[in-house]
Structures are given as C-alpha cells and as structure tokens.
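Chain identifiers are assigned alphabetically (A, B, ...) following the order of the sequence lines, protein sequences preceding nucleic acid strands; residue numbering begins at 1 within each chain.
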2 protein chains.
Amino acid sequence: MGAPVLTASDIEKVVEQYASGWSRRDIEAVAALFAPDAVVHDPVDGPGVEGREKIRAFFADFGAPVRAMSLVGPVHISGDCRHAAARLNTEAELGEGMTLVDSLDVFTFDDDGLIATMNAYYGPTNFHTA
Amino acid sequence: MGAPVLTASDIEKVVEQYASGWSRRDIEAVAALFAPDAVVHDPVDGPGVEGREKIRAFFADFGAPVRAMSLVGPVHISGDCRHAAARLNTEAELGEGMTLVDSLDVFTFDDDGLIATMNAYYGPTNFHTA
C-alpha cells in the first residue's frame, strides 16, 4: 500500500456518506464507496461478499429492510488513515415495528480512497425492538 | 474453529475484565485474558505483538501511562461468539494533565475462550485532552 489518499476528515465523510446513503435508500451511492474488488462481511461471521457488483446486489437484497442508519459517536481512525471503525445504528423493518440493529462497522481503505473491506460487528444481543 | 466456548454474556465479562484490569493496573490479569499465541495490534496500524508474554511486556511498557479504562456503550458480539467489538475510553497520563484516548477495540476468541487477536482502532483525531 502507498501513502494514504484519504485524510481523517475524508474518512469521516465516507462513513457519513455510507450512513446517509442507506438512509436515502440509495444503494448505488453506497456501493460506489466500495472498491471494485472490495470484500464485505455483514455480519462479520457471515460469508464474504466479494466485488462491488455483488456487494451492491447483497445490499439491495439483505439490506432491503433498512430504513435509516446513523453514526453514533466518533469515527475511530488509525494514524495511517487506512483503517476506521464506527458505531452505526440501523433501523430496519424486520417484522412488526422497527428493529434497531446496533452495529459497529470496521473499514479499510485502498490506494484509491475506496473501501477495501467492511466487517459489521453485531449479533442477537445487538438487536432491539422499538 | 470448533463450537464457541463463550456465550455473549461471557464475552461481555471478558471485555469488562479487560477494562477493569487496566483500571487496576493489573497487567498480569489483563495478559491472562489472551491466548498464549495471541496477536495484538495497538494501534491497528502498529506492529503486531505476538504471544502472551510479549503482549504482557508490551502492555506494561506501552501501557504504562494508562490510568483508567471504561467501556462506552454495548459490546457488539457476532452470533457465533467468535468476534466482538467495543468502544473503550482510556485515560492516560501522556504529558501534562490527562489525555482521553477514545478507542474502538476489536477482539476474536479462540477455542479456549481466550482472546486470540485484538486490534485497537484510534488515531490522532481520537486523542482529547481533559
């Protein structure tokens, strides 16, 4: 990997764009943040989804119940601007009423400033019904 | 990896013990949470510290300025109880006054219920002076 192309401020914006894209249900905009060869594990113990096109399709399908996503607290960014982690609360229509999925998402960034990997940390204890 | 040996509740306790061990400055207790062959990156973009004994020595040295650590918000735990992530605020005496290091730590757990890997996500934007 070369020198970072993103600043900490840029990374904060990417994470905010990720959340706002989900809230707008703009899956194209969300997928566009990812590298062509990005790999997503959502949840982290789920299968890897490889490549922007498969990620877009996965988000459109698996993410269909998502109604809103918001950043909670700061974005935690490594000094080399290659790694970031953030708590992201997702509201999803998974059954009757709304479910809050309290995730913590971990990102790496590539030489083009795109998301290379994303792993979402959540499980049964992080689901809350409104 | 076999079936998980830890429950979500166990993992919450491990993370709490990690934080409380630091707050008590009980580095032995903190190191005992890690597997003999565990690998720590603290910060995530720093060198890997491999093995419990090197981790103990690293924590005693690098962690010497730490005065307290507290869990902020929930522990995010994968359904397979192999992965967890948590926001951990550390108070450290890095110069004059106290510095708050707002980290987000990501853990994996091995077949013995010990921490196999820990990566700490923080950088310059996550340091705050009191």
Part of [X] lying under 4.5 Å from any heavy atom of chain B:
X        : answer
A:Ser103 : backbone
A:Asn126 : side chain
A:Val72  : neither
A:Ala120 : neither

With a 6.0 Å cut-off on ring centres, are A:Phe34 and A:Phe59 close enough?
yes
Please identify, among A:Gly79, A:Ser78, A:Ala85, the residue contributing the most non-hydrogen atom pairs under 4.5 Å to chain B.
A:Ser78
Do you know which of A:Ala8, A:Pro43, A:Pro74, A:Pro124 has the most heavy-atom pairs with chain B at a distance under 4.5 angstrom?
A:Pro74
Do [Y] and [X] meet the salt-bridge criterion of a basic N to acidic O distance under 4.0 Å?
X        : Y       : answer
A:Asp102 : A:Arg87 : yes
A:Lys54  : A:Asp61 : no
B:Glu16  : B:Lys13 : no

Do the side-chain N and O atoms of B:Asp105 and B:Tyr122 include a donor-acceptor pair separated by under 3.5 angstrom?
no
